[in-house]
Amino acid sequence: MTNNAHLKRLVLIKPFIPRLLIGLFVMIVTVAIQLIYPKAIAHFIDTLNVQRATGWYAGFAGIMMAVLTIHTLATALRYYYFESTGLMVVAGIRNKLHNVLLKQEIGFYDRHNIGELTNRLSADVEVLQDTLTMGLAISLRSLCVCIGGVIMLLLTSPLLSVILLIFLPVSIVLGKWVGKKVRVRSKSIQECQANAGKVAHENFSNIKLVHAFNRHDKAQSSYKSSIDKALEVAKAHTRFMALFRGAFSFLTYFVLLVTLWIGATQILKGALTVGELTSFVIYAAMVATSAGAVSDFWSDWMRTIGATDRIFEIIESVEESNSPSETKEGYLQGRIEFKGVNFSYPERPEETALKDFSLIINSGEKVALIGSSGAGKSTIASLLLGFYRPQQGELLFDGESTQKLHRQYIRNSIAIVEQDPALFEGSILENIAYGANTDSVEFDDICRAAKLAYADDFIKDFPHGYETLVGERGVQLSGGQKQRITIARALLRDPKILILDEATSALDSQSEQKVQQALDNLMAGRTTLMIAHRFSTIAKADRIVVLERGQIVQQGSHEELQRESAGPYYHLMGQQSITKHTA
Ligand code: ADP
């Protein structure tokens, strides 16, 4: 573990230093008062021995009440400042991580599971809060109490302190050794339990098989043996802990006994008072618990560093993936050119998704990409959107290489209508407005887009109209309705380039017709790249490009291609005859 790793976590609290300083100040006040208490008790006991009258008692109690009030206030403030700073650190890092994740390249999402990433946003960040602020605060306080306590011990009785100074390191070393053992053992307990869970999961998910083959006994015995194993390991751990607890308690009371013994002889000699011996024992207990808290913190801290490593890796990775190209105002004209592009997905470098791929699509031209699944159609769309960069060759927009253009500038001119229409949770209005390049959208513009997309009618039929909520907590829309909303979204964007990823599953013919009409409106006057499956869509294209294993094998108009009865297009259309007839 480098110092850098520690520093990275500590830097997170830098913006909150003024708050933490206030927290630190009140903390010092509480520690000082905590250290005064045993002395006050010593004073109380010793004075009680000398002064039998109770007159002095009221004054003493008054002072103690004042001290107690300060202590209470300081404790509350200390808690508030450290805890709230912790929450602020966590909110800050959540925002930062979320923004960094949003800006990651799409390739990043190929490598990571969404569940894992959202878990990092919640659980991993939480760990930081616990250790970074509260943990740090508790251990700082414990450290102060520990140091102050040792000083008070030495001041009270140097002789008795020697015994403790031997005992304390022994108990810390012992505690550390046990802690390590516990970690190893709890890991193996967890593994055994996870294994038992796996066996149960397997049995339940194959429950029909278990019943059909009458294998209940086998299932039962396999679960029992895994549970027995987990139990055995847990029992061994419990035996170890029982032994340790016994030994530790013996050690503690043994040391107490020795201290009291020697203390008593000191009292008899007149070198120590009863009050001083009492306060000594209390200080000793304080030092022991706070030393334990400091060492606990250290192991927590190391665990936090391990648990949050990935967060920092992600945060730091964004700088590399950001494209440094210049920004440009305005929009594209819509001419696209692929020039000898070779591309393979970073996750699968051995397989070429596009091979020496060249294609020019003129501004306003409609090109249908067809080919069997895995031919590379979606890859072309992904490259257009700048999700990935070709390893060889170039992609040009309006004759300019994408290397020189800022991704945002390109994307401002593109809209995509996806195969499986994605809608966010929210109102229909918000879902359409999502397509706009600006945040302020006029309601009239949204309505106009919805009308062109043939969505206005059905939206108005909902009781809440455009404010109708969609998604999990709202209405469930039909496939055709969802598609028309996404078409309205694309229309609102008014893009120069349109990517149409057509659904493979057919809609009912009435819906289909509406969607087709909406698409006609959308495509008018725009460069369109259709990933097409249905004949009705393919027939609308000016040019059809047939792909096979990342290469163009045939291109031309429908009439031209159909004449080549030995060609792949003829063959593909033959397979689609059903769709063709229904269209
Ligand atoms: P199509 O859209 O024509 O069905 P794709 O463009 O999706 O084909 O896929 C082209 C090739 O790239 C296929 O071999 C596919 O397995 C592979 N591929 C697609 N997406 C990824 C990805 N995210 N990571 C790795 N390989 C991929």
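Everything quoted here is computed from the prediction, not taken from an experiment. Ligands are counted one by one from 1 in listed order, and the atoms in each one are counted from 1 as well.
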How about Q333 and S363: does a side-chain donor come under 3.5 Å of a side-chain acceptor?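 There is no such pair between these side chains.
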Does a side chain donor of either Q516 or K540 reach within less than 3.5 Å of an acceptor in the other side chain?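 There is such a pair between these side chains.
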Is there a side-chain contact between V367 and T528 in this structure, where contact means two heavy atoms from C-beta onward sitting under 4.5 Å apart?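 In short, these two side chains do not touch, never coming nearer than 4.5 Å.
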Is the shortest distance from a Lys or Arg side-chain nitrogen in [X] or [Y] to a carboxylate oxygen in the other one below 4.0 Å?
X    : Y    : answer
K355 : E548 : no
D494 : R526 : yes
E350 : R348 : no
K460 : D456 : yes

Does an N or O from S373, backbone or side chain, lie closer than 3.5 Å to an N or O of ligand 1?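 The answer is no, given that S373 and ligand 1 share no N or O pair closer than 3.5 Å.
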Proximal atoms of ligand 1 relative to [X] (non-hydrogen, under 4.0 Å):
X    : result
T379 : 5 (P), 6 (O), 9 (O), 10 (C)
D110 : 23 (N)
E351 : 13 (C), 14 (O)
A353 : 12 (O)

So which heavy atom in the protein is nearest [atom], and how far is it from that ligand atom?
atom                    : value
atom 2 (O) of ligand 1  : S378 OG, 2.5 Å
atom 13 (C) of ligand 1 : G374 O, 3.7 Å
atom 19 (C) of ligand 1 : Y345 CE1, 3.4 Å
atom 15 (C) of ligand 1 : R348 NH1, 4.0 Å

For K377, which part has a heavy atom under 4.0 Å from ligand 1: side chain, backbone, both, or neither?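 Both the backbone and the side chain of K377 come within reach of ligand 1.
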Check: F443 ring centroid to Y466 ring centroid under 6.0 Å: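 Yes, the ring centres sit under 6.0 Å apart.
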Does at least one non-hydrogen atom of G371 fall below 4.0 angstrom from an atom of ligand 1?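 Checking ligand 1 against G371, which is what was asked, there is no heavy-atom contact under 4.0 Å.
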